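All values reported here derive from a predicted model rather than from experimental measurement. First listed ligand is number 1; within each ligand, the first listed atom is number 1.
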Amino acid sequence: MSGAFHFRLLTLASFCLLELQAAVVPINSALPNAQPLQDGRIVGGYQVDIEKFPYQVSIRLDSSVLIHICGGSIYAPRIIITAAHCLKGRYASTIRIVAGSSTIANSTEEGVAVQKLIYHSGYVKKTHDNDVGLVILKTALVYSSTIQAIPLAQSSALVGTPAIASGWGKDDENAQQLTNLLQAVELQIVDSEECAVQYAVNNYVITDEMICAAAEEGGKDTCQGDSGGPLVVDGKLLGIVSWGIGCAQHYPGVYVSVPYHVEWIVQQAAQYL
Ligand SMILES: *[C@@H]1O[C@H](CO)[C@@H](O)[C@H](O)[C@H]1NC(C)=O
């Protein structure tokens, strides 16, 4: 089993991964001239249509082709919620958002241009604290059967509550590629204290603004490429895919708590509604 921590994003320069992740998880080969990405999925999930997850978007790096780097959720026509680590160190001009598509393998997709990237001023890469951010679009998304906003969860969920995560991330922490087609996985909210005890062994702190989720039977998780994407309970956005040790190994996945950050999100978003 890997003991390597990783963010659940894909990174061209790999700096995010390498700094904290001495040995294990192979870096995705998503270089600017990479081939279209194929095969792979959220770990232990199943293929779904975007119509069932119309709030899910793909965050792309515009590098002659659009390369999927992270997931995100639609909050308002011009506002996408994602993870801070998907945004830090990047420029708005290099990011595009693709909404309303089940696939990330459409090479003619142009996506929507971005006006501004906002991430929490309390974001700390090393501890993963406050890993929340917003992407502000230049033009408004037009809502349809495949493009819809998701309301924010205002309160936290009890241990054992069913939750669903989605994305185009890897189906195995050692996989080299992403999936083409959107995948979802059914998880449950894990007791934060138990989660904290597990992570404490590796000197990671689970704070009040993090939520842990896993599947009781194991074998299910989010993974690299899913970062920034949604964890949903009762049709509301409860979490943002953030980090973990391995994927679907011994450790629960860790998500940013949306209820904890509701005020920040609402405040930051206000002028772009
Ligand atoms: C690919 O993207 C283009 C531009 O958004 C769209 O018109 C076309 O229908 C898409 N093709 C598929 C197979 O999704």
Side-chain angles (χ1 to χ4, degrees), residues 8-12 28-43 45-83 86-87 90-117 133-150 164-171 175-185 222-230 232 237 241 272:
R8 294 179 171 199
L9 89 167
L10 299 160
T11 168
L12 288 184
N28 188 284
S29 58
L31 296 168
N33 58 356
Q35 297 303 304
L37 303 154
Q38 43 192 296
D39 288 338
R41 54 183 179 270
I42 268 186
V43 182
Y46 50 91
Q47 189 183 313
V48 294
D49 194 274
I50 194 75
E51 289 204 5
K52 295 268 163 51
F53 296 79
Y55 48 84
Q56 169 89 50
V57 302
S58 163
I59 297 181
R60 308 288 180 90
L61 191 60
D62 188 0
S63 177
S64 75
V65 291
L66 297 187
I67 299 166
H68 172 91
I69 54 168
C70 275
S73 302
I74 301 170
Y75 173 67
R78 287 182 59 216
I79 306 170
I80 306 300
I81 298 176
T82 187
C86 295
L87 306 179
R90 302 193 191 280
Y91 296 99
S93 60
T94 66
I95 299 293
R96 295 184 83 88
I97 298 297
V98 176
S101 180
S102 298
T103 179
I104 56 167
N106 180 353
S107 59
T108 63
E109 190 68 74
E110 290 180 353
V112 178
V114 168
Q115 178 182 320
K116 193 174 180 190
L117 306 176
L134 303 178
V135 177
I136 310 300
L137 304 179
K138 278 189 180 163
T139 54
L141 297 171
V142 177
Y143 289 167
S144 68
S145 62
T146 58
I147 301 179
Q148 288 290 327
I150 185 167
I164 189 156
S166 49
W168 290 274
K170 295 178 175 187
D171 67 342
Q176 298 296 318
Q177 292 179 316
L178 300 171
T179 177
N180 277 346
L181 298 171
L182 185 61
Q183 306 283 319
V185 65
T222 45
C223 201
Q224 286 145 305
D226 292 320
S227 268
V232 172
L237 187 66
V241 179
Y272 305 104

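Looking at T179, L181, N180 one by one, the single match for side chain to side chain contact (heavy atoms under 4.5 Å, CB included) with W168 turns out to be T179.
Here CD1 of I59 is found 3.5 Å from OG1 of T82. Values are rounded to the nearest 0.5 Å. Annotation: the span from S73 atom OG to L134 atom CG amounts to 11.0 Å, rounded to 0.5 Å. With rounding to the nearest 0.5 angstrom, the CD atom of E109 is 6.5 Å from the CZ atom of R60. Annotation: the span from D226 atom CG to H68 atom NE2 amounts to 7.0 Å, rounded to 0.5 Å.
Near ligand 1, residues N106, T108, E109 each place a heavy atom inside the 4.0 Å sphere around the ligand atoms.
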Check: Can I147 and V142 be said to form a side chain to side chain contact (heavy atoms under 4.5 Å, CB included), step by step?
Finding: CA-CA 7 Å; I147 301 179; V142 177; over 6 Å; no
